Engineer: 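Have a look at this one.
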Amino acid sequence: MPKEIPSRFDPGEVERRWQSGWAEAGLFTAPSAPAGPRFAIVLPPPNVTGVLTLGHMLGDTVMDVLARRQRMKGAAVLWLPGLDHAGLATQVAVRRHLAKENVRLEDLPRERILEQIGRWKEAREATIRAQTVAAGFSVDWTRYRYTMDERSVRATREVFVRLFRDGLLYRGERIVNWDPRLRTAVSNLEVVHREEAAELLYLCYRWEDGSPGGLVVATVRPETIFGDVAVAVHPDDPRHAGAIGRKVRVPLVDRPVPVIADAAIDRDFGNGALKVTPAHDLLDHEIGRRHPELGAPPTILDEAGRLSGENVPEAYRGVDRAVARELVTTALEAAGAIVRREPYRHSVARSERSDDVIEPRLSTQWFVRLGALAPPAVEAVRTGAVRIHPDRWELTFFRWVESLEDWCISRQVVWGHAIPVHYCETCGEVIASVDPPDACPKCEGRRLRPDPDVLDTWFTSWLWPFVTLGWPERTPELARYYPTSVLVTGRDIMFFWVARMMMAGARFAGGPPFDHVYFTGMLRDETGRKMSKHLGNSPEPLDLIRRTGADALRFALLHPNPVDQDGPFTEATLEGGRNFLTKIWNLGRFLLGHLPDGAAAPGRAPDLDPGSALENRWILARWRATAESVDAALDGFEPTVAASLLYQFLWHDVADRYVEMAKDALRGDRGEIAQRDARAVLLFVLERTLRLLHPFVPHVTEELWHALPHEGEWLAVSPWPLPADAPADPEAVAAMEVLWDGIRTLRNLRAEADVPAAELPEARLLPTSPESERILLARSDLLTRLGRVSRVTWIAESSGAPEGAARSVTPHGEYFLVRPAASLGPAGGLAREREKLQTILDRTRARLADEGFRARAPAHVVAEAEEKARELSDRIRRIDGAPASAPSGGP
RNA sequence: GGGCCGGUCGUCUAGCGGUUAGGACGUCGCGCUUACAACGCGGAGAUCGGCGGUUCGAAUCCGCCCCGGCCCA
């Protein structure tokens, strides 16, 4: 009795069963100190901000494919999962969540905030875990890490202290990107620029000495005039040459400020005069630094973006900058200070996290000198120590990494790693230490004040590849799994994360943290928009898994999808995945129905009868070619190509062709030897293909593999198949070309002649060559059965076919379909075919007639063209009914 | 303003110097042929964004232009 499996594939039950099976067997637990080949991936830890999106699923699927394949290849595989506390982003998410209950996060005491965030984290973490398990990702849960766990905290502090000690990290007063809503500094990368409408005001700064007129200054931020310390013009600007050195009065407050010259002024903007507000603009700040005589610049905005300070008139203090802008504009208008107003579009900096307008603000923060850390990272990519895939992203990497600004790492929020610094209240010493100090090492004073800020979340993330392996301890894991094999991620965090990890790795772990970086494409929805949490157009992965199973989702994420660019994911894509799973399942069922009792697991290659049928030899050769291509695609980081190759092979070569051709033999209609061969071949091909497919769709393949005769306990750790297990057999591939041409032609003629489905007309056939004749003759059974004709008879020449038969001429032969009952209409298809062939022939002949072509094209190209012309003209002659030329070739 | 990517059947894409330009989805026709209608068989459908150039030969290389997207300033 053949083994039975359910006629319908129930992914939910099957997938859960294998997930717990693999887990209980501990298949994904990496050995600490393996000998031999090893393969390591550190999973980019998802943020607790949310749960896994489809984009995560895509990246994780790619990682799983790579990891599972390596496991089958016998490598010690470590795939390390984790979770990122995502400091500011999480605080913002929780803040938004609280706002729905009318609670302002800022109003809560620190402990309550941490408690709220802690609860939030627990919930997301549980969901992310559930998602990862349900998708069948083969991560090593025993090595799960969190960016805020004890070891991460210590490692982060360690890095801070070392960088501080080495002078690569400093505290200083700089213009930073200030987010007034979140009341914190953010890094350059967390700022997004957008074109927005504004109004450009031309303000007249009157001369201090009361002489008529003044300097006209253009600005979109009139509320900042209270922070003005000067008006600057270009030193070579003839319009303003006489103004330099004079003084003007700031409108509304009449405070006198000097007119200075600075080469940074854009003469074409406005009237070529710029109001200088060093505390609230980066360019102005630099100008201010070049003109120390201007003194310390006044700050006129507080941390919430409200006007404040002595320089601001009472009436505007405490007023938000946006409101203040309108009030000031009105007042300026009333004072007659506005010369002109015009609509203006300009680029506005907004906070990626809060979307509030970023205010450049002078403040004291901690910075990392990235420029000093970058060279080894650049070098690694340049020398190929780190390879980026697709490689065109190297350009983008270089461009960014070669023009680095210092990285502002301090944040004025609650959620994050505390900055490991204390200040001595006695002597002012700055103490950076991993463990909090008891006393000042300099003056032994005991009054120490901790730094109130926390670290940018990326200051932990950039250490991830080695911190997760135990750094700064010298663990066996660090020794064996660092550098990791590949980093798979989205290119949106190339600067935030990938580049910085390379810098940190080189500095602290002795080299770059991975050999390869693979950037996945990004998913788009049916309207072409990028999927994002923000747009809400990303389906919940667990919903999709519930509907179609994880395997279907995983496969759909890779097929059909662009090789290395963004691709769409729609309802139809998912359906495609599900359909493929059904196909695999049914192929498995079919095979099980044809296995003899006690069949053995397929060996290295099926033991075939020497004269075994063409289809057997052909499908083995096709399997080998597929296995080779799949290997090449995966080695080249083209998982979507590998998925498509397997899809094509299993569905169209195995299911549509081989199984249909071998059905007679499998049933036993062609004798015992043929049956034994076909069974052995089908079992071999399917078993080996299940192995190739396992990394992509692990559950269904594990399920079917267990139902088949097999060796070993788990497909998940069975050997990855070797292409050489099957012969290449180019002869069989060429012969199948001839045979399939015949089958296709007969099917074609039937459809063209409108033959009713039940009717089996007779076919006549005139092969082009003895070789074709031999092949077709040997398998006339297949021509008959798959071509759906009653019988095939061989004729010696075209005239041997009856009047009115439907006719087709192919490179391998002439085919006639004879209908006993009805007569066939004129073969319109043949005429069209003739016309098409004639066009190609004309084109080819024109090429051959061209002296330049004959003289310069490589000999084989000319020979091919000649061969093509011969074949085409021969075929056309045969269509025209001229006596067939000698079967061996043309004139 | 700078940079990158893309523009190929209705749609999504493969091809990246010599191909009868390949596939998937959709569409049309015929079929419930005992693994699978979540399927099979067959058909129609693209002069490869535009203009120039290089070349014996260009969807493929170069230049300019137009359109869409992304990144940086």
Side-chain angles (χ1 to χ4, degrees), chain A residues 5 7-9 188-189 191-193 347 349 390 392-400 403 491-492 494-495 521-522 524 526 528-530 548 552 559-573 575-594 640-641 644-645 647-648 651-652 654-656 659-660 663 666-667 682 743-758 785-788 811 829 832-833 836-837 839-841 843-844 846-858 860-862 864-865 868 871-872 875:
Chain A
I5 58 173
S7 63
R8 277 187 83 84
F9 177 47
N188 296 344
L189 287 176
V191 175
V192 290
H193 297 265
S347 172
R392 73 181 118 92
W393 292 105
E394 287 183 4
L395 277 176
T396 311
F397 170 83
F398 285 133
R399 235 168 42 74
W400 184 74
S403 60
R491 57 186 186 261
D492 51 333
M494 175 173 358
F495 306 143
M522 302 222 181
R524 289 173 309 175
E526 53 284 328
R529 294 176 308 173
K530 234 168 44 175
T548 65
H559 172 90
N561 245 326
V563 177
D564 60 13
Q565 61 180 31
D566 299 353
F569 187 92
T570 65
E571 200 58 32
T573 317
E575 238 172 72
R578 182 201 54 183
N579 293 354
F580 183 55
L581 265 286
T582 306
K583 195 51 137 178
I584 299 174
W585 185 253
N586 281 311
L587 215 36
R589 284 179 57 214
F590 177 80
L591 170 59
L592 286 169
H594 288 279
T640 63
V641 171
S644 296
L645 285 164
Y647 176 94
Q648 211 62 27
W651 199 312
H652 298 306
V654 178
D656 290 348
V659 165
E660 292 308 322
K663 265 180 180 169
L666 286 165
R667 231 183 272 125
L682 185 57
I743 293 168
R744 201 191 311 117
T745 303
L746 291 177
R747 286 172 167 180
N748 229 310
L749 284 171
R750 279 187 61 97
E752 236 173 71
D754 277 332
V755 178
R785 185 157 57 82
L786 300 182
R788 309 254 323 131
R832 233 180 304 121
E833 176 75 3
K836 193 169 125 197
L837 294 175
T839 310
I840 301 163
L841 177 59
R843 207 189 302 155
T844 310
R847 251 199 315 161
L848 285 167
D850 183 342
E851 276 313 305
F853 176 67
R854 287 192 169 279
R856 286 174 222 233
H860 78 274
V861 174
V862 177
E864 275 161 25
K868 196 199 319 188
E871 194 272 316
L872 286 169
R875 191 132 58 107

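Please read all numbers here as calculations on a predicted model, not as lab measurements. Letters A, B, ... mirror the listed sequences (proteins, then strands); counts begin at 1.
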Engineer: To the nearest angstrom, how far is A:R667 atom CZ from B:rU34 atom P?
Structural biologist: 10 Å
Engineer: Kindly give the heavy-atom pair with the smallest separation between A:K583 and A:A655, and that separation in Å.
Structural biologist: CE-CB, 4.0 Å
Engineer: Using the C1' atom in both, what is the distance from B:rG40 to B:rC71, to the nearest Å?
Structural biologist: 47 Å
Engineer: Under a 3.5 Å cut-off for both contacts, is B:rA59 paired Watson-Crick or G-U wobble with anything, and if yes, with which nucleotide?
Structural biologist: none
Engineer: Send over the distance from A:K663 NZ to B:rC39 P, rounded to a whole Å.
Structural biologist: 15 Å
Engineer: Tell me whether the side-chain N/O atoms of A:K530 come closer than 4.0 Å to OP1 or OP2 in B:rG68.
Structural biologist: no
Engineer: By nearest atom, which of the nucleotides B:rA73, B:rC71, B:rC56 is closest to the A:F495 side chain?
Structural biologist: B:rC71
Engineer: Using atom C1' in both nucleotides, what's the gap between B:rA24 and B:rU8 to the nearest angstrom?
Structural biologist: 15 Å
Engineer: What distance, rounded to whole Å, do you find between the two P atoms, one in B:rC4 and one in B:rC62?
Structural biologist: 12 Å
Engineer: With heavy atoms under 4.0 Å as the rule, sort A:A758 into base, sugar-phosphate or nothing.
Structural biologist: nothing
Engineer: Are the side chain of A:R399 and the backbone of A:E394 linked by a donor-acceptor contact shorter than 3.5 Å?
Structural biologist: no
Engineer: Expressed in whole Å, how much space separates the C1' atoms belonging to B:rG22 and B:rA46?
Structural biologist: 12 Å
Engineer: Report which part of the nucleic acid A:N561 touches: base, sugar-phosphate, or nothing (heavy-atom distance under 4.0 Å, all strands).
Structural biologist: nothing
Engineer: Who passes side-chain contact (heavy atoms from CB on, under 4.5 Å) against A:N586, sequence neighbours left out?
Structural biologist: A:T582, A:R589
Engineer: Checking A:L848 now: which residues fulfil side-chain contact (heavy atoms from CB on, under 4.5 Å) with it, not counting sequence neighbours?
Structural biologist: A:T844, A:F853, A:R854, A:V862, A:A865, A:E866, A:A869
Engineer: Taking atom P in both B:rG1 and B:rG57, compute the distance separating them and give it to the nearest angstrom.
Structural biologist: 38 Å
Engineer: Both distances below 3.5 Å, Watson-Crick or wobble geometry, any strand: find the nucleotide opposite B:rC32.
Structural biologist: none
Engineer: In plain terms, say whether A:K868 and A:E864 are close enough for a salt bridge, that is, a side-chain N and a carboxylate O under 4.0 Å apart.
Structural biologist: no
Engineer: If you measure from the C1' atom in B:rC67 to the same atom in B:rG49, how many Å do you get, rounded?
Structural biologist: 8 Å
Engineer: Contact class for A:V659 (heavy atom, under 4.0 Å): base, sugar-phosphate, or nothing?
Structural biologist: base
Engineer: A:R788 has an atom CZ; how far is it from atom P of B:rC41, in whole Å?
Structural biologist: 13 Å
Engineer: Rounded to the nearest Å, what distance is computed from the CG atom of residue A:N586 to the C1' atom of nucleotide B:rA37?
Structural biologist: 11 Å
Engineer: Considering Watson-Crick and G-U wobble pairs with both distances under 3.5 Å, what does B:rU47 pair with?
Structural biologist: none
Engineer: Can you list everything that forms a side-chain contact (heavy atoms from CB on, under 4.5 Å) with A:N188? Sequence neighbours excluded, please.
Structural biologist: A:N177, A:E405
Engineer: Would you measure the distance from the P atom in B:rC16 across to the matching atom in B:rU55 and give it in whole Å?
Structural biologist: 23 Å
Engineer: Just checking A:R578: base, sugar-phosphate only, or nothing, at a heavy-atom cut-off of under 4.0 Å?
Structural biologist: base
Engineer: Does a side-chain N-to-carboxylate-O contact under 4.0 Å join A:D850 and A:R856?
Structural biologist: no
Engineer: Determine the minimum heavy-atom distance between A:G521 and A:R491, stating which atoms define it.
Structural biologist: CA-NH1, 4.3 Å
Engineer: Would you call A:E833-A:R875 a salt bridge at under 4.0 Å N-O?
Structural biologist: yes
Engineer: Of the non-hydrogen atoms in A:P560 and A:T573, which two are nearest, and what is the gap between them?
Structural biologist: CD-CG2, 4.3 Å
Engineer: Any strand is fair game: report the nucleotide pairing with B:rG6 by Watson-Crick or G-U wobble, both distances under 3.5 Å, or none.
Structural biologist: B:rC67
Engineer: Using whole Å, what does the distance between atom P of nucleotide B:rU13 and atom CD of A:E526 come to?
Structural biologist: 14 Å
Engineer: Just compare B:rA35, B:rC71, B:rU13 and give me whichever is closest to any side-chain atom of A:L587.
Structural biologist: B:rA35
Engineer: Could you grab the distance from atom CG of A:L749 to atom CZ of A:R744, nearest 0.5 Å is fine?
Structural biologist: 12.0 Å
Engineer: In whole angstrom, give the distance that lies between atom CZ of A:R524 and atom C1' of B:rC12.
Structural biologist: 8 Å
Engineer: What pair of heavy atoms forms the shortest contact from A:A349 to A:V191, and how long is it?
Structural biologist: CB-CG1, 3.6 Å
Engineer: When every nucleotide of nucleotides 43-49 of chain B is labelled 5' to 3' by its protein contacts under 4.0 Å (heavy atoms), B for base, S for sugar-phosphate only, - for none, what sequence of letters results?
Structural biologist: SS-----
Engineer: With both distances under 3.5 angstrom, what nucleotide forms a Watson-Crick or G-U wobble pair with B:rA21?
Structural biologist: none
Engineer: Please compare A:E660 and A:V192 by the position of their nearest nucleotide in RNA chain B and report the one closer to 5'.
Structural biologist: A:E660
Engineer: Can you build the contact string for nucleotides 16-32 of chain B? Use B for base contact, S for sugar-phosphate-only contact, and - for no protein heavy atom under 4.0 Å.
Structural biologist: --BSB--SS------S-
Engineer: Is the backbone N or O of A:R788 less than 3.5 Å from a side-chain atom of A:R750, with the two atoms forming a donor-acceptor pair by type?
Structural biologist: yes
Engineer: Report which part of the nucleic acid A:E851 touches: base, sugar-phosphate, or nothing (heavy-atom distance under 4.0 Å, all strands).
Structural biologist: nothing
Engineer: With under 30° as parallel and over 60° as perpendicular, where do the rings of A:Y647 and A:F580 fit, or are they tilted in between?
Structural biologist: tilted
Engineer: Roughly, in whole Å, what's the span from NE2 in A:H193 to P in B:rC70?
Structural biologist: 16 Å
Engineer: Tell me the partner of B:rU54, counting only Watson-Crick (N1-N3 plus N6-O4 or O6-N4) or G-U wobble (N1-O2 and O6-N3) with both under 3.5 Å; none if nothing fits.
Structural biologist: none
Engineer: For A:F590 and B:rG40, give me the distance from atom CZ to atom C1', rounded to whole Å.
Structural biologist: 14 Å
Engineer: Please list, for nucleotides 3-11 of chain B, all pairs of protein and nucleotide N/O atoms separated by less than 3.5 Å.
Structural biologist:
none

Engineer: Roughly how many Å apart are B:rC51 and B:rU60, using the P atom of each and rounding to a whole number?
Structural biologist: 12 Å
